[in-house]
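Throughout, numbering of the chain's residues begins at 1 and tracks the sequence. Here the structure is a predicted model, which is why all the values come from computation and not from measurement.
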Amino acid sequence: MSNKHKNDSRRSNIPQNNTSKKGGFDSKVNNGVFVYTRNMSVGELAKELNLNASDIIKFLFMNKKMVTINQTLDDETIGLVCLEFGYDFKKEKIVAEENFEEMEIVDKPEDLLPRAPIVTIMGHVDHGKTTLIDAIRNSKLVESEVGGISQAIGAYQKEINGTKITFLDTPGHEAFTAMRSRGAAVTDIVVLVVAADDGVMPQTEEAISHAKAAGVPIIVAINKIDKEGANPEKIKTELMNYDIIPEEYGGENICCEISAKKNIGIKELLEAIVVVSEMLELKANPNRYAIGTVIEANLDKGEGPKATLLVQNGTLTFQDYVVVGTAYGKIRRMTNEYKKIVKSAVPGTPVSVIGLSEVPNAGDHFMAFPTEKQAKDIAFKRSLLKKQEEQNASGGASLDDLYNRIHEGEVQTVNIIIKADTTGSAEAIKSSLIKLNNDQVKLNVIHAAAGAISDSDIMLASASGAIIYGFNVRPSAAITQKAEAEKVEIRLHRIIYDLLNEMEAAMKGMLKKEKVEQITGQAEVRQLVKISKIGTIAGCYVTSGSIKANSLIRLIRDGVVVYEGKIKSLKRFKDDAKEVKEGFECGINIENFNDLKEADIIEGYEMVEKD
């Protein structure tokens, strides 16, 4: 071990087994508190508390609990016994060193110091997120980005009135949610940027949904107030429809009117962030080995794996041994956002590091360790655990889960995402679903909007364990594959009463699914030929699965279902075909429908009996 680590005053985060070994398990009595790690029998508990087992059995008998000396007691009963005989009690969770993100780190109050708040800038594309960062940093980031749109996550710091603030400029809510879906509580505050001349847009709605799902305070920055047609009051009114209530209207959300381009209102916005962060009382202990989250990572051709790390507790120093996700390494160089080499990073500080064995994922956790051997061993164990988790992966919820859990007597909160062909339909379904709430199940609609089911919807569902309901919309083949990979259930309907009846039946524990829809394939319309007495023939290319003759089909245009019917004829060149598989061309004539357009998607499906 180097002299640096021998003399290092930082305490290791790894939980130390400082409990006494008695009776084959870990327990101790400390200042009148009985601390234990697992349930135990009457005899074992008596030995630990220096009591007679008969006294415990007698006490429990008087409380209508019949037990024997070898019977294992649950936590509630152990607690009753402890209180009766003058002890407080606490059950400690044993965390393996390879699961360091599950550790409950408890620092002494005197060791805690204020840390920089982590602020994420979110909002609709072209509403000025990166320009706002420019104004805050007095930089010209936006000029270097393709089309003026953020291409990667950046982390930057700004000092205002002696308080450092760390900003995350993301390419949108997707990366933000990807981190959260991996359990990384990265952000303390969200700044929602809305253009004063544009208003609440689809990505604005999604950003609100994602920020609320993360449970963090939202500060609204109404940008571009200098532009003609800017109407900040209209923006505030629109936001109230999404439960974003400005302070001047009696709500809890600070709204700042700014022009990032002309540097108007930036000082007030920064002061608002400082006020909110002070209310949150954000603190951390710099006197321990660092722990935190990966903000971004890439493979640099010259320097190898490179990662931007956000230190959330402890201090990260040059030449520390770190485990990052399933990677490990010794930090060979550490730089700040200005590419300046730094020797250490305190809580709330982002730094870019090199020296890792492989490229980690955004959202992965990291921790520093005293030795290279310890880091390497832990990284190896984490790699094995990750492979096991991928084999048993579970993402969103399903109606089958709901059915089973109701039968087991559990009270459930079910998160739901609604995507519909129109805003009116989405709101109607949301309102109708909420009315179904009962004592057993609460339906929580975390996002409801018009439009096709998107990649962002899948990520939000995976992160929050939600079911996606599509009404008059269809997911693309790529979205369906992503949903399957993330274990997210998508339920599709054309009739609102069917949707409500299905959910109500599941909530009552009476879900019956005799037949289910099975997608056979999709074909893209690439050419149209109109023939008299026959109608429109669509020249198609089968993009996935296969298209079968006489199949039930639906016509999808921009993610929205415009027609449902049946194939009248299916041809390969001039010959009739029973089935055309992926990668081949075909001609399709739809029964009683001729209003096709190029780029339409023809989706074939069949109803099959469920096993």
Side-chain angles (χ1 to χ4, degrees), residues 4-5 8-14 100-107 111-120 153-159 163-170 175-176 179-180 182-189 216 277 280-297 305-325 327-356 360-370 374-375 378-379:
K4 168 186 157 320
H5 287 292
D8 202 330
S9 62
R10 293 173 297 170
R11 299 188 304 275
S12 174
N13 300 320
I14 299 301
F100 54 73
E101 56 267 84
E102 296 179 11
M103 285 190 327
E104 182 183 354
I105 297 176
V106 180
D107 291 301
D111 292 335
L112 297 174
L113 297 175
R115 68 162 174 83
I118 315 300
V119 180
T120 297
I153 301 173
Y156 320 97
Q157 278 198 331
K158 173 75 175 180
E159 188 168 319
T163 300
K164 284 187 176 180
I165 305 171
T166 298
F167 289 91
L168 303 183
D169 174 32
T170 76
F176 179 82
M179 291 179 191
R180 195 163 51 78
R182 295 184 179 94
V186 175
T187 301
D188 301 310
I189 301 168
V216 295
S277 68
L280 294 174
E281 296 183 340
L282 304 167
K283 293 183 178 181
N285 177 12
N287 186 34
R288 63 163 59 250
Y289 282 99
I291 188 167
T293 304
V294 179
I295 301 301
E296 68 174 347
K306 180 183 287 189
T308 300
L309 308 181
L310 178 64
V311 180
Q312 291 172 279
N313 203 4
T315 298
L316 186 66
T317 66
F318 171 63
Q319 292 191 333
D320 269 352
Y321 300 106
V322 291
V323 175
V324 187
Y328 75 95
K330 182 179 181 179
I331 295 178
R332 293 194 285 112
R333 192 181 70 207
M334 188 160 61
T335 56
N336 62 15
E337 68 265 35
Y338 301 104
K339 297 185 179 179
K340 180 180 178 182
I341 294 176
V342 294
K343 295 293 184 182
S344 63
V346 297
T349 305
V351 284
S352 178
V353 303
I354 60 172
L356 303 179
N361 295 313
D364 280 350
H365 294 267
F366 79 85
M367 181 180 280
F369 293 91
Q374 191 176 15
I378 290 172

- Judged by atom type as modelled, is there a donor-acceptor pair below 3.5 Å linking the side chain of Asn336 to the main-chain atoms of Tyr338? yes
- Message: According to side chain to side chain donor-acceptor pair (under 3.5 Å), who are the partners of Thr349, at least two apart in sequence or on a separate chain?
- Response: none
- Sort and list the pairs that fulfil salt bridge (charged side-chain N to carboxylate O under 4.0 Å, His left out) and have at least one residue in residues 306-315, not counting sequence neighbours. Asp300-Lys306, Glu303-Lys306
- Task: Can you measure from CD1 (Ile165) to NZ (Lys158) and round to the nearest 0.5 angstrom?
- Result: 9.5 Å
- Query: If you look at every heavy atom in Arg333 and Thr335, which pair is closest and at what distance?
  - Reply: NE-CG2, 3.9 Å
- From the list Leu282, Thr166, Thr293, side-chain contact (heavy atoms from CB on, under 4.5 Å) with Ile118 holds only for Thr166
- Test Ile291 against His365 for side-chain contact (heavy atoms from CB on, under 4.5 Å), laying out the working first. CA-CA 7 Å; Ile291 188 167; His365 294 267; 5.7 Å; no
- Value for OG (Ser277) from CG (Asp188), rounded to nearest 0.5 Å, stands at 8.5 Å
- Query: Can you list the residues that meet the side-chain contact (heavy atoms from CB on, under 4.5 Å) rule with Leu113, with sequence neighbours excluded?
  - Reply: Pro286
- Message: Holding to side-chain contact (heavy atoms from CB on, under 4.5 Å), I want the full list of residues that pass it with Pro305, two or more places apart in sequence or in another chain.
- Response: Leu299, Leu356, Val359
- Message: Is the shortest side-chain heavy-atom distance between Lys343 and Met334 below 4.5 Å?
- Response: no
- Check the pair Asp111 / Asn287 against side-chain contact (heavy atoms from CB on, under 4.5 Å), numbers first and verdict last. CA-CA 7 Å; Asp111 292 335; Asn287 186 34; 5.6 Å; no
- Query: What's the shortest heavy-atom distance between Tyr328 and Ala379, and which atoms?
  - Reply: CB-CB, 3.7 Å
- Message: Going by the rule side-chain contact (heavy atoms from CB on, under 4.5 Å), which residues pair with Lys164 if we only count those two or more places apart in sequence or in a different chain?
- Response: Ala116, Gln157, Glu159
- Item | Any residue meeting side chain to side chain donor-acceptor pair (under 3.5 Å) with Glu337, in chain and number order, not counting sequence neighbours | none
- Task: Working to the nearest 0.5 Å, report the span between CG of Leu309 and CG of Leu316.
- Result: 6.5 Å
- Task: Return the minimal non-hydrogen interatomic distance between Val324 and Val322, and the atom names on each side.
- Result: CG2-CG2, 3.9 Å
- Message: Any heavy-atom pair between the side chains of Ile354 and Arg332 that's under 4.5 Å?
- Response: yes
- Considering all heavy atoms, the nearest Tyr321-Ala375 contact: CB-CB, 4.2 Å
- Query: Which heavy atom of Asp320 sits nearest a heavy atom of Ala368, and at what distance?
  - Reply: OD2-CB, 3.9 Å
- Lys/Arg-Asp/Glu bridge criterion (N-O < 4.0 Å) met for Asp107, Lys283: no
- Item | Which atom of Ala297 lies closest to which atom of Pro360, heavy atoms considered | CB-O, 3.4 Å
- Item | Heavy-atom check, side chain of Phe318 versus side chain of Val342, under 4.5 Å | no
- Note on the structure: Which of Val216, Thr120, Ile295, Val294 passes side-chain contact (heavy atoms from CB on, under 4.5 Å) with Val186? Answer is Ile295
